[in-house]
Peer 1: 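This is the structure I have questions about; it appears just below.
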Amino acid sequence: MIQTILTGSLALFAVPGPARAVEVTDHGVSLAITGILIVFAGLAAISIFIGLMPKVLKLLEPREEPLPAKPRKRTVTPSDHLDEATLTAIAFVLHAESERASGRNLKVTLGLNPSPWALSSQMRILPGRLK
Amino acid sequence: MIQTILTGSLALFAVPGPARAVEVTDHGVSLAITGILIVFAGLAAISIFIGLMPKVLKLLEPREEPLPAKPRKRTVTPSDHLDEATLTAIAFVLHAESERASGRNLKVTLGLNPSPWALSSQMRILPGRLK
Amino acid sequence: MIQTILTGSLALFAVPGPARAVEVTDHGVSLAITGILIVFAGLAAISIFIGLMPKVLKLLEPREEPLPAKPRKRTVTPSDHLDEATLTAIAFVLHAESERASGRNLKVTLGLNPSPWALSSQMRILPGRLK
Amino acid sequence: MTVPQLLGEYLNRSICQGMTLPHLLMILLGILLITLGGIKGYKPLLLLPIGFGMILGNLPGLQPVGASEFSLLEQGMRSGLFPALIFLGMGAATDFSSLLSNPKLVLLGCAAPIGIAMTLLGMNLAGVPLADAAAMSMAGAANGPTSVYLASKLSPDLIGPIAVAAYLYMALVPVIQPWILRGLTTREERRIQMPAIRESRKSERVCLPLMLFGVCVLVSPGSVWLIGMLCFGNLLREIGVTERLVTVARGTLLDAVTLLLGLMVGASATTTNFVTPATLLLLGIGLIAFVLATASGIGMAKLMNRVCDQKTNPLLGAAGVSAFPDSARIVHEIGQEEDPSNFLLDHATAPNLAGLIGSVLTAGLFWMWLG
Amino acid sequence: MTVPQLLGEYLNRSICQGMTLPHLLMILLGILLITLGGIKGYKPLLLLPIGFGMILGNLPGLQPVGASEFSLLEQGMRSGLFPALIFLGMGAATDFSSLLSNPKLVLLGCAAPIGIAMTLLGMNLAGVPLADAAAMSMAGAANGPTSVYLASKLSPDLIGPIAVAAYLYMALVPVIQPWILRGLTTREERRIQMPAIRESRKSERVCLPLMLFGVCVLVSPGSVWLIGMLCFGNLLREIGVTERLVTVARGTLLDAVTLLLGLMVGASATTTNFVTPATLLLLGIGLIAFVLATASGIGMAKLMNRVCDQKTNPLLGAAGVSAFPDSARIVHEIGQEEDPSNFLLDHATAPNLAGLIGSVLTAGLFWMWLG
Amino acid sequence: MTVPQLLGEYLNRSICQGMTLPHLLMILLGILLITLGGIKGYKPLLLLPIGFGMILGNLPGLQPVGASEFSLLEQGMRSGLFPALIFLGMGAATDFSSLLSNPKLVLLGCAAPIGIAMTLLGMNLAGVPLADAAAMSMAGAANGPTSVYLASKLSPDLIGPIAVAAYLYMALVPVIQPWILRGLTTREERRIQMPAIRESRKSERVCLPLMLFGVCVLVSPGSVWLIGMLCFGNLLREIGVTERLVTVARGTLLDAVTLLLGLMVGASATTTNFVTPATLLLLGIGLIAFVLATASGIGMAKLMNRVCDQKTNPLLGAAGVSAFPDSARIVHEIGQEEDPSNFLLDHATAPNLAGLIGSVLTAGLFWMWLG
Ligand code: NA
Ligand code: NA
Ligand code: NA
């Protein structure tokens, strides 16, 4: 009943012709139910596989280090000496900066004192150039 | 007269056929004059609207703060203590840097001393991720 | 002999029809030889021209400065005073950072002390805007 | 041509001449989106380009503008490249490790297909042809790029209104969801703290996107393009040797495509396809479906609490509606209202990702059946 | 094929074989542009890509190269996308607040349509068809991206020479304008200091691009694409919640498009469309028009000084010729020659922007009438 | 449609249904490439996108995916724009001054055409048509972007397998070359230290790319597009006034194109063009040719030592095979094994660049003769 009214009210929208005939909503219900069921099953499968994955991986690589302190959160422990923390900070930034800036090699003459330039170059990883 | 000579000299350029017939320059004069007049009027309208805008905006938002010290020019007043300015500078850069670098959270263990890491995290604004 | 066997084994690959008929390998040999010879000659020419270039350039611009300390490798000689190097480092980064960050002018009130902000603005080169 | 003739033509072809009510409505809607994004702060990175694109695309008498100007952007949108680059950037920017820590939260992603199915049924019931209704249904999960992708397959003429609806809900998550969250959960439930996310090993984090991709391809072959890009972005991120590619995928490329796709989506919503009963219906039905999906997500979380020993904060269920990554943030904020020490953001990412994946899986199925 | 046959074909198809005087001229012009940009420092970001593109596009016997290689870039240029992205970047990079501080400086932007009109008349008088003459006329305002856009509409075959002429004048502003500025103003006039730019409120800065866009759309519907992008870029900048989009619009996107559009513009100037009397005439007439436009801008500023109480430094009038943002810088430098404490750069941005807008408005009108 | 019907169609169109042995082989190869790049660290920036693209492009039953989704990327690849942008980025990122310091090292670049010629002969001898064999021959110099470019001209159907082979050798340089280097040189030869690279003047560094371009255009007109971009990138770098363009060319643009071209190259290698005897043969013959080219480079360096007074470390000859910039790094590493104070990286760049240029020259000639 409601459907008939709504359908009527949408006369403007329904493009005439066979190509876009308004389909019976039974199809819609089947589609919705089948879709939900399959996706539920899929998500359940993902959930189960994620649960199994660590065990499988442990079997495959039993010799991995025991608790590899999550490498994505870099912990910086500043020493009680303030200048040390400051220098580390500068060096980190300097390193990132000089990598980006103009891509040219910084040739740095280093003294013995722990200047930030020195720390920066210690942090340096050679960037893999690409072709 | 001059026109005729020039036109002749441009025989190479004038593509033959009706589509690209050389038009009488009267059209050009009309076009130039009308164009200039309309654009003059447009610029004058812009000038007038810009003059009115602050007044209209003042009417619309009367409760705005009186003189909102132009926020686009960040004023940094270094204290007379040099280290303070240095730390601010480092912190500013460190903040920007750590936001960009690899997007991973820096978990920083902070001492009580005002290290640049501390100032950086105070400055932090959570970036709105986009989808 | 080997060729015949291989050709046979590639029957799957050889697309039938005149457009892609398998050509006699004599062509391949001519192509390879001519190609190598021309490229050898080209590389030899490049080698010779590179050798000549400095001499030609010296003739063209005789008034150039005698030995213009290769400008692409910036040498930073940190003074024996640690703070100086630190400040230079900060200033360099600060400069690069403030150029990039939001593109808005940093209005910095400077004291007399050599704060990194001061050094940064000394380094400043006005960026050529583009249209 | 004389000056009066030129002036006459000028007045005849002015914007005012062709302005009709639908044009005006579209332009006002564009201004509304800009205001929502720019002043109210709802997803400005999306709503500002969409709003401005809507204005640009709906100025009357400018039919020449847009035909050629937008052509390359339109190729990017309709071919599926722009949505894919957005998924690539999301994958490269998002830490998937909360999935590893608590895999059962993945089940909460079922809220997304529920919202989608309800939108489909509602629109179809209202007489919208099934293919169009399926394309519109993605709005019920507030999933913008997937809407664009599915609409380009099933209902290319309606890509504009469908995408606008989806992005609009995504932007309005902070308006719609809090009431539902507060209304359907008790104070005690909102205070439930989740166990800390366990540290994951690199091998797990690298295998996770590959495994996700494999399962999704088997479950819904039509989802391979978008899920593939999401997983590839995350693989690049976790494998740790392609910093340059990760940086460009989650940075410049994501930002540039967000800007250009937004403009194009806005310009695709025109008077002829937007100011129609169907679009108005979609805005209403999609909203209802989104609300019900949120509710069913919360319900599912409560159900899980009945079954499992370890308690799950039911707020997390609301993140299963997709609307990535906004609903996760809302869950976090509502949690903190009750207990500022309750840090739900990382936990809510798991159902949020699951909802995102669930909605793409559903899109893939609809494409397969109706494409 | 034998070795001698291959060598014969090789020699027959060498570059030298097809080299004619026009090819050589184009290549030499390319080298000249590279020298001007790279050694003399005139707009290197534009002249280097244009010059190299000109060489690449004019090597004889290479017709295969370019047909396919440049195809995507050509779509970007001709569809109007690349010019739009440049306007977007300019909007995102430029502070419009000097307009707010002194609105009457906007009137100085009338210099730009004067230069354009004079070029149009000159070229048309010389027998160039009106549509082509209109496309060429943008060179008289030294407005590169608008030239590209208008030429793609009115005179697609001449897009190369027209854009090269426009960019060339833009680059040569520091050579052309100083003499006019010094010659037409007195020492005292050049020393006039402008009142400090008033602090503007955020609401003003946000409304400004929207208002500009609205007026321009009404005045010249054909300008909506370029002006729209300019204003959208500035809106993103001022609204302050879309840092990421602003960064990409004024950074990577602007730089990449500048590079690629430059190459394409250069490659579009070929022997057949460039080495013609019309192009030579354009280079001459455009230069004269640009000089006269500069002069009329200065004259207008002097006229304003007669009418208004508050004095305006007449140098500012020269910035009204468009040639954004170079003429503003030249005005500033000439001002500082006389009085190093006179900081005119921010003030000159107002007429410079007005000139830019004025030239786009004119382009929109020409497109409407002749397109 | 009822639920069982839908489920029936679902099962009929699943991935498993269409999976054949060739599909499986391609997917496994994709996984292998990802493993080589991601875990073993061989050129991850190339192998990861290629491997994932190969998986995406070879999932059965997904023919719809790819037809439209990859269309813009395919245009970028086939038109030659993407290879050109990679050459532009390489030019902007590379310091050419080692060429200036020791011009005779350029002669070592002859190893590249030798490897190419041998691949051509091998493939042609095996019955592959000459145009295809020529396209395949670039793999013998391990030059990925040039392979893509030449294959798009001479053998567009085989662009996928050819490019994969070329990129694979490039990635495997650290596996293939060390043995040859150690085997064909004595301990004393590997210890030869090269004289320090002389400081070059800016004028030399600016003229170098222009001169290179001029010579290459005369020698091989078909190489103008790629060599032009390489030289233009280097010119921008050395002329020193276009920092913004250099930054974007060697940064975002290079990274984005590397990612997108990689995906596209992988997706272009399909069951129909990859799992063929010709491809297997190419992998074998290309490898042999690459080994022989490396050997002939070393031999050439030894020959130079006979003729010239100043000794050249024969390891440098191996960098003449192209495979830019990896073979230069391997030469450096092998040199340091013997004597950690021997810094060969900068010196190896000269033959490496010469090999790159030599392979592009050869590609240009093949295109001219066979295109
Ligand atoms: Na390569
Ligand atoms: Na989205
Ligand atoms: Na311009």
Side-chain angles (χ1 to χ4, degrees), chain B residues 2-15 19-54 56-58 60-61 64-73 125 127-130, chain E residues 95 97 99-100 103-110 112-114 116-118 120-121 123-134 137 199-205 207-208 211-212 214-216 218-220 238 240-241 243-244 276-279 281 354 357-359 361-362 365-366 369-370:
Chain B
I2 290 165
Q3 192 195 336
T4 334
I5 295 165
L6 279 167
T7 314
S9 76
L10 283 172
L12 282 170
F13 181 76
V15 178
R20 270 212 168 180
V22 177
E23 288 131 47
V24 187
T25 35
D26 282 359
H27 292 186
V29 175
S30 309
L31 217 69
I33 292 175
T34 327
I36 286 183
L37 286 178
I38 293 174
V39 175
F40 275 26
L43 290 175
I46 289 173
S47 179
I48 291 166
F49 280 119
I50 292 179
L52 291 174
M53 206 172 62
V56 174
L57 285 174
K58 225 168 250 171
L60 289 175
E61 29 173 328
E64 194 168 319
E65 68 279 34
L67 215 171
K70 210 178 178 186
R72 49 237 325 267
K73 306 214 174 168
I125 298 152
R129 289 204 214 161
L130 47 144
Chain E
D95 186 348
S97 58
L99 290 173
L100 290 167
K104 77 171 187 290
L105 293 182
V106 170
L107 295 173
L108 297 174
C110 295
I114 290 177
I116 292 169
M118 281 189 295
L120 171 77
L121 287 176
M123 295 310 293
N124 190 224
L125 203 75
V128 174
L130 205 51
D132 293 341
S137 66
E199 307 274 307
S200 54
R201 287 179 302 159
K202 190 189 166 189
S203 61
E204 291 176 287
R205 278 179 279 120
C207 288
L208 180 58
M211 190 273 285
L212 274 182
V215 175
C216 289
L218 291 172
V219 169
S220 174
E238 297 300 348
V241 286
E243 275 296 318
R244 293 185 67 147
T276 63
T279 301
L281 254 176
I357 292 169
S359 60
L361 290 177
T362 317
L365 292 173
F366 286 173
W369 284 321
L370 301 167

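Naming convention: chains lettered A, B, ... in sequence-line order (proteins, then strands); numbering from 1 in each chain. Reckoned from all heavy atoms, side chains included, excluding hydrogens, waters and symmetry mates.
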Peer 1: Is E/L105 in contact with chain B via its backbone, its side chain, both, or neither, using a 4.5 Å heavy-atom distance?
Peer 2: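 When you check distances to chain B, no heavy atom of E/L105 falls under 4.5 Å.
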Peer 1: Does B/F49 have any side-chain contact (heavy atoms from CB on, under 4.5 Å) partners at least two apart in sequence or in another chain, and if so, which?
Peer 2: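 B/A45, E/M211, E/V215.
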Peer 1: Heavy atoms only, distances under 4.5 angstrom: which of E/S220, E/C207, E/A112 has the most pairs with chain B? Name it, please.
Peer 2: E/C207
Peer 1: At a heavy-atom distance under 4.5 Å, which candidate from B/T34, B/I48, B/V56 has the highest pair count against chain E?
Peer 2: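 Greatest number of close heavy-atom pairs with chain E: B/T34.
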Peer 1: Quick one: pull up CD in E/E204 and CG in B/L57 and give me the separation to the nearest 0.5 Å.
Peer 2: 6.5 Å
Peer 1: If I compare all heavy atoms of E/F366 with all of E/A134, which pair ends up nearest, and what's the gap?
Peer 2: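 That would be CD1-CB, 3.8 Å.
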Peer 1: For the CG atom of E/L107 and the CG atom of B/L43, what is their distance to the nearest 0.5 Å?
Peer 2: 7.5 Å
Peer 1: Any idea which of E/L212, E/L365, E/L361 has the most non-hydrogen atom pairs under 4.5 angstrom with chain B?
Peer 2: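 The option with the most such pairs is E/L365.
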Peer 1: Please classify the contact of E/L120 with chain B as side chain, backbone, both or neither, using a heavy-atom distance under 4.5 Å.
Peer 2: side chain
Peer 1: Which one, B/L31, B/V29, B/I36, B/I38, leads in non-hydrogen pairs under 4.5 Å with chain E?
Peer 2: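 The answer is B/L31.
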Peer 1: Roughly how far, to the nearest 0.5 Å, is CD1 of E/I357 from OG1 of E/T362?
Peer 2: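 One gets 11.5 Å once the value is rounded to the nearest 0.5 Å.
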